[in-house]
J.: 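Have a look at the structure that comes next, please.
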Amino acid sequence: MLKFSRGIDQDRAATAGGLQQIAFARGAAAAAQPSRLPTLVATAATVAVLYFARDVFLPLAIAILLTFALAPLVSRLRRVGCPRSVAVIGTVTTAFLFLSAFGVVIAMQVSEVAQNLPTYQYNIVEKVRTLKETGSESQILERIGRVIERISTEISRPEPEMRASPEPAPEAKPLLVEIFSPQRPVETLKNIINPLLGPLATTGLVIVVVIFMLFEREELRDRFIRLVGYGDLHRTTEAIQDAGARVGRYLLMQLVVNITYGIPLAIGLSLLGIPNAVLWGMLAIVLRFVPYIGPVIAAALPLFLAFAAAPGWSLLVWTAALFIVLELLSNNVVEPWLYGSRTGLSPLAIIVAAIFWAWLWGPVGLVLSTPLTVCLVVLGRHVPQFEFLEILLGNEPVLDPKERLYQRLLAGDPDEATDNAEDMLEEKYLVEFYDTVAIPALLLAERDRARGALTNAQAAQIAQSANTLIANLEEIAGEEEGEEETGAEAQESDGDDDADEYDLPPGDGKSVLCVGGRSDLDDVTASMLAQTLWIQGADAAHAGHEVLKAGNIKALKLEGRNAVVLSVLDRDFMRHAKFTVRRLKRMAPAARVGIVLWQEDGRPGTTERDQLIESLQADFMVFGMGDAVREALSDELPRSLKLAHPKIAPGYAMRRSKRADRESTVKAD
């Protein structure tokens, strides 16, 4: 009793010491984790500076992006042998002359459209009147009733009395006269030039900054590295190259996509007879740099002109059809072909960034929103303090596939889990999905259950959702059953290790029973294994863990089974597995009885596994889906069951012989 109490005290002391160590480790981890408050404060201060000093930063941002766009052209000219000064000045001059000509053409076209708008007034009024009449035809009875009521009112109204003398003429009102004083030529010239000074000064400043940035690009890069990343040259250099490559590729590819959209649009509108077709094509090239909103605006203006230019409706219909065809071709043919136009941003991030930069810098910020946000994502990818930017704005999944599946199962949403699984099954086989995604997700659930973070109700919910997922994937399993041998031959010719791992044997003529070990989650893994064996052609069935209880195990139908597989997620099951294996081997001596202890990592070595097999007297013990299928469909014979002989107490044999002698004497008498 004393020894027992001392053992309890020692266990309590060890437990208390372990809890203290865990608490200390948690405190140390919390202290080591950097606070995000300084980063948030710095971000808010940066946004405030960008807003209030936008007159300074807006030309600088335009110059930086143009530098990113023109740098590849300058580098190509330098590689050809062109001097730096000629390459830089020639590239910048050509680019700004092109932009200036582009702007002049747009201004002239807009002026022509403004002059022609009054000629479309009659068509607009007639179509609006037609629409109003069409919209009120459904109320024809009400209109007829109003006409009848007005006629009856006119009939019953008394005639007005005739006046004897004519009415006096109304008094004449004085006319308003506005006096205009002629302006001097200097004032007129000032009124014309003043609105242009701001844009011209900004354009000149951008040109100068772009030229100097292209001249001193390497020097600026070195200064930036020395300023922010001298301690980690590799990461800083990679960040600069990543940002430059992404922004330059985006601007170039987006320009190519927009040109392949704008030129056919201008040609198509011209053939349809839309006035100023060149203007609408050029505006489409510019406006499509604005994400999502730009194409809508680019289509709205020509559609309105088609509505106003012709008296009928056919021109409007053909114009809308032209836009639909071009959008389909651009989104499904041109953009996938020019794969480099992808930016690494999520669609929601592009919309939010457009709203943010439009609020910050107006229409110019709306055009620059995507490339500026790309720079922020690159910053978050390479600078740990700004990692939240990549998480919020990037298009890369922030959760592993197994974590996403576990989250969906935990939320009780098997439909979305099925959608995600079907997306992955376009590139994977079902056995690979179960082995690399589904089983690891259930292992996460088992770990949470073991440490008390998952309640029994939540575990049951996960099991129910997982069973629904398996049932939803039944159709895919049926498609994979009896698949042609070409896939297996291709895998053998490739010689890939991953392909060989899931090159499974056929199960024709084999009968296998898969049984869950000790929980509902184990039952789910047994169902997955049974479905995989069924795909291989075996007669596979599965049973829940309840059948392994002492009162239920005798009801198992094991006749004709070639193998019985226990599917387990929890290592603690190994303490009781020996008795279960012995019972199953006694009930089905011709079947191979084995255990699948699902493990993603930390699997025992070969020696330890052999020792476990020997102690459990199992025929096999594996840790993954591929090995489980191979062992379950193996042609090896089951090992014989070694029964333990109990130790005989001293004198037991003598007493037993004396008892036998007495019984024989009694029988003789």
Side-chain angles (χ1 to χ4, degrees), residues 431 434-435 439 500-518 522-549 552-571 573-599 603-644:
V431 57
Y434 281 157
D435 194 31
I439 299 296
D500 293 338
E501 183 180 356
Y502 300 106
D503 185 12
L504 305 178
D508 299 333
K510 299 294 178 63
S511 179
V512 183
L513 175 64
C514 304
V515 186
R518 60 183 303 178
D522 294 341
D523 298 345
V524 175
T525 60
S527 300
M528 292 179 180
L529 179 58
Q531 191 177 69
T532 305
L533 291 168
W534 176 70
I535 292 174
Q536 297 305 120
D539 177 18
H542 63 89
H545 66 284
E546 296 291 337
V547 300
L548 297 179
K549 293 183 177 180
N552 301 331
I553 194 171
K554 294 181 179 180
L556 275 176
K557 297 180 180 180
L558 302 179
E559 295 81 3
R561 297 291 184 186
N562 299 103
V564 180
V565 184
L566 297 175
S567 183
V568 185
L569 291 168
D570 189 6
R571 288 176 178 265
F573 178 77
M574 295 295 103
R575 301 175 183 176
H576 314 283
K578 179 166 59 174
F579 305 102
T580 305
V581 170
R582 288 179 178 178
R583 290 176 183 173
L584 293 174
K585 290 186 76 65
R586 290 193 189 100
M587 295 174 60
R592 302 181 76 239
V593 179
I595 299 175
V596 185
L597 180 60
W598 303 104
Q599 295 293 319
R603 297 181 178 181
T606 305
T607 304
E608 184 179 356
R609 185 190 63 181
D610 294 340
Q611 292 176 355
L612 286 172
I613 293 175
E614 188 65 29
S615 62
L616 298 175
Q617 296 195 40
D619 294 297
F620 59 88
M621 183 175 183
V622 293
F623 309 97
M625 182 67 75
D627 293 335
V629 174
R630 293 188 190 93
E631 291 291 345
L633 301 179
S634 176
D635 293 329
E636 294 184 10
L637 297 175
R639 61 187 298 175
S640 59
L641 184 63
K642 298 178 182 179
L643 299 178

J.: Determine whether Val565 and Ser567 make a side-chain contact, defined as any pair of heavy atoms from C-beta on separated by less than 4.5 Å.
T.: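 The answer is no, as the side chains (C-beta and beyond) never meet within the 4.5 Å cut-off.
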
J.: Might you point out which heavy atoms bring Ala526 and Cys514 nearest each other, and give the distance in Å?
T.: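 For Ala526 versus Cys514, the nearest heavy atoms are O-CB, 3.6 Å.
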
J.: Counting C-beta onward and ignoring hydrogens, is there a side-chain heavy-atom pair between Tyr434 and Gln531 closer than 4.5 Å?
T.: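 The answer is yes, as the side chains (C-beta and beyond) meet within the 4.5 Å cut-off.
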
J.: Can any side-chain N or O of Gln617 pair as donor or acceptor with the backbone N or O of Lys578 at less than 3.5 Å?
T.: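 Between the backbone of Lys578 and the side chain of Gln617 there is no qualifying donor-acceptor contact (under 3.5 Å).
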
J.: Do Thr580 and Leu566 have side-chain heavy atoms sitting under 4.5 Å apart?
T.: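 A side-chain contact exists here, since the closest heavy-atom pair is under 4.5 Å.
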
J.: Where do Asp635 and Lys510 land on the side chain to side chain contact (heavy atoms under 4.5 Å, CB included) test, with the steps shown first?
T.: CA-CA 9 Å; Asp635 293 329; Lys510 299 294 178 63; 2.6 Å; yes

J.: Can you tell me how far CH2 of Trp598 sits from OG1 of Thr525, rounded to the nearest 0.5 angstrom?
T.: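 Thr525 OG1 to Trp598 CH2: 6.5 Å, rounded to 0.5 Å.
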
J.: Any heavy-atom pair between the side chains of Asp522 and His545 that's under 4.5 Å?
T.: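 Of all side-chain heavy-atom pairs linking Asp522 with His545, none is under 4.5 Å.
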
J.: Do Thr532 side-chain atoms and Met528 backbone N/O form a donor-acceptor pair below 3.5 Å?
T.: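 Such a contact is found between Thr532 side chain and Met528 backbone.
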
J.: From Gln536 CD over to Leu504 CG, what is the distance, rounded to the nearest 0.5 angstrom?
T.: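 So the gap between those two atoms works out to 4.5 Å.
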
J.: Counting N and O atoms only, with roles assigned by atom type, does the side chain of Asn562 sit under 3.5 Å from a partner on the main chain of Ser511, one being a donor and the other an acceptor?
T.: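 Pair found, side chain donor or acceptor close to backbone of Ser511.
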
J.: On a heavy-atom basis, which atom in Leu633 and which in Ala538 lie closest, and how many Å separate them?
T.: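 Smallest heavy-atom distance, with atoms named: CD2-CB, 3.8 Å.
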
J.: Got Leu584 and Val515 here, is their nearest side-chain heavy-atom distance under 4.5 Å?
T.: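 They are not in side-chain contact.
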
J.: Do any N or O atoms from the side chain of Asp435 and from the backbone of Val431 form a donor-acceptor pair under 3.5 angstrom?
T.: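 Not confirmed, Asp435 side chain does not pair with Val431 backbone.
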
J.: Which residues satisfy the side chain to side chain contact (heavy atoms under 4.5 Å, CB included) test with Asp619, sequence neighbours excluded?
T.: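 Asp619 satisfies side chain to side chain contact (heavy atoms under 4.5 Å, CB included) with Lys585, Arg592, Val593, Pro638, Arg639 once adjacent residues are dropped.
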
J.: Given side chains that start at C-beta, do those of His542 and Leu529 come closer than 4.5 Å, heavy atoms only?
T.: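 They are not in side-chain contact.
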
J.: How long is the straight-line distance from CZ of Arg561 back to CG of Leu556, given to the nearest 0.5 Å?
T.: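 Nearest 0.5 Å value for the CG-CZ distance: 9.0 Å.
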
J.: For the CD1 atom of Ile613 and the CD1 atom of Ile595, what is their distance to the nearest 0.5 Å?
T.: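 It comes to 9.0 Å.
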
J.: Could you tell me which non-hydrogen atom of Gly517 sits nearest to which non-hydrogen atom of Leu548, and how far apart they are?
T.: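 Heavy atoms of Gly517 and Leu548 come nearest at O-CD1, 3.5 Å.
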
J.: Say you draw a straight line from CG of Asp539 to CG of Asp508; how long is it, rounded to the nearest 0.5 Å?
T.: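 Rounded to the nearest 0.5 Å, the CG-CG separation comes out at 11.5 Å.
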
J.: Between Ala591 and Ala563, what is the shortest heavy-atom contact and its length?
T.: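 That would be CB-N, 4.1 Å.
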
J.: Supply the atom-to-atom distance Met621 CE to Glu631 CD, rounded to the nearest 0.5 angstrom.
T.: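 Nearest 0.5 Å value for the CE-CD distance: 12.0 Å.
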
J.: Going by heavy atoms in the side chains, are Arg630 and Val622 under 4.5 Å from each other?
T.: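 No; the side chains remain at least 4.5 Å from each other.
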
